[in-house]
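To keep things clear, I will list the structure first and then write my remarks on it.
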There are 2 protein chains.
Amino acid sequence: MTSSPALNQPPPRVGSLLSRVSRAIRVRSETLLGPIGLRPRHLIALSVLRESGGTTQQALATTLEMDGTNVVGLLNELEGRGLIERRRAAQDRRRHVVELTEIGRLTLEKAESELAAVEDEVLTNLGKDQREQLYVLLQQAVGCAPNYAETLNEC
Amino acid sequence: MTSSPALNQPPPRVGSLLSRVSRAIRVRSETLLGPIGLRPRHLIALSVLRESGGTTQQALATTLEMDGTNVVGLLNELEGRGLIERRRAAQDRRRHVVELTEIGRLTLEKAESELAAVEDEVLTNLGKDQREQLYVLLQQAVGCAPNYAETLNEC
DNA sequence: TATTGTTATACTCTATAACTATA
DNA sequence: TATAGTTATAGAGTATAACAATA
């Protein structure tokens, strides 16, 4: 009896709002990441790889909701900069196992810390607790437990 | 002392997670909206117009984080289908005031109700309360009070 | 002269189809 | 025959530049 929009109705649609907030962050991130030579999508891929710790390209495509052909190009760019590593899977030599390199991990962390300013700006209406809350909700939505450090590979 | 990821650190970055969830919904929405002849971006624009109740194209471009030139094309499509209306502002005849038509409002509502299935699928890990919570956070992030019915034009 | 909207166009993103290699 | 990855390429999305009307 505390929430405002409706009392006992289906949950409201969040798609449009998600797009707007997501886009706001992405647009600003692009200009900020330019000098480093990275783009938002690179960070997304790197962050998925950090949390999954080694996936096949096809699984990555599914997770990123990207077409497999575009994952190839994305990984080429990341591999060219030494941020990720591709190696054939021993069990099935058709597959590439993709992993974050140490440089990739450090680069990701650095980029993330530089993006703090962007998110501070876009999410200025949210307090720290609310941003934490948002993070937990999104993390849960994509299927990871909030403290993903314990879940390791299954993300 | 209750949250898990960190105790007294800056809030975590949500950009990548936002992109992933947003994209997941968008991709599925595209296929579902196809038959109606609408696309996610149309819904986003319509929903902004519904809540702002009449803006200039430039303001719309800012809100949507879109280039003004692309807003023109987007509005052309919506106007062609009778979902929005453009009229010159009396005070400044350079400006177009853009408004949702009644057809536009009904079409938006119908599309939104059809998208329930999509969001149910993508947000299956979130309970109803959590989805409501997510909605409130996003609404607040974009600058609207949770119960925006009261705030009217300033959104 | 500056601003709102428009058009034309180049650039980037994304998906479709055909190919190679492994299974 | 089917699957993982790759390449080439066409379609959609986005931004840059030049223009018309109004201020």
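Numbers restart at 1 for each chain; the letters A, B, ... are given by sequence-line order, proteins then strands. In this text the structure is predicted, and so the values were computed from the model without any measurement.
With the nearest nucleotide of DNA chain D identified for both A/Val72 and A/Glu30, A/Val72 has the one nearer the 5' end. Nearest-nucleotide positions on DNA chain D place A/Asp92 closer to the 5' end than the other of A/Asp92 and A/Arg26.
OP1 or OP2 of C/dT6 sits under 4.0 Å from a side-chain N or O of B/Gln57. Remark: A/Thr56 is not in phosphate contact with D/dT3, judged by side-chain N or O atoms under 4.0 Å from OP1 or OP2. Taking only side-chain nitrogens and oxygens, A/Gln58 comes nearer than 4.0 Å to OP1 or OP2 of D/dA4.
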Begin from the C-alpha positions of B/Arg26 and A/Glu65 and carry the test salt bridge (charged side-chain N to carboxylate O under 4.0 Å, His left out) through to its verdict. CA-CA 10 Å; B/Arg26 177 172 55 80; A/Glu65 305 264 347; over 6 Å; no
Starting from the C-alpha separation in whole Å, work towards a yes-or-no answer on side-chain hydrogen bond (donor to acceptor under 3.5 Å, both in side chains) for B/Asn76 and B/Arg86. CA-CA 10 Å; B/Asn76 285 347; B/Arg86 277 192 264 217; 2.2 Å; yes
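Counting to the nearest Å, the C1' atom of D/dA12 and the CG atom of A/Asn70 are 13 Å from each other. A straight line from CG of B/Asp67 to P of C/dT9 spans 17 Å, rounded to a whole angstrom. Taking atom CZ of residue B/Arg95 and atom C1' of nucleotide C/dT6, one finds them 17 Å apart after rounding to whole Å. In this structure, B/Asn76 atom CG and C/dT7 atom P are separated by 6 Å, rounded to whole Å. Rounded to a whole Å, the NE2 atom of B/His96 is 13 Å from the P atom of C/dT4. Summarising the geometry, the separation between CZ on A/Arg86 and C1' on D/dA4 is reported as 12 Å, rounded to the nearest angstrom. For A/Arg87 and D/dG5, the CZ to P distance is 13 Å, given to the nearest whole Å. When the C1' atom of C/dA23 is taken as reference, atom CZ of A/Arg93 falls 12 Å away, rounded to whole Å.
More than 12 heavy-atom neighbours from other residues, nucleotides or ligands sit within 6.0 angstrom of CZ on A/Arg88. Environment of CD1 in A/Ile36: crowded, with over 12 heavy atoms of neighbouring residues, nucleotides or ligands closer than 6.0 Å.
The base of D/dT16 is paired with the side chain of B/Thr69 by a donor and an acceptor separated by under 3.5 Å. Put simply, the side chain of B/Arg94 and the base of C/dT3 share a donor and an acceptor less than 3.5 Å apart.
B/Arg88 comes within 4.0 angstrom of no nucleic acid atom, judged by non-hydrogen atoms across all strands.
Contact record, A/Glu99 with A/Gly54: CG-CA, 3.6 Å, taken as the closest heavy-atom pair.
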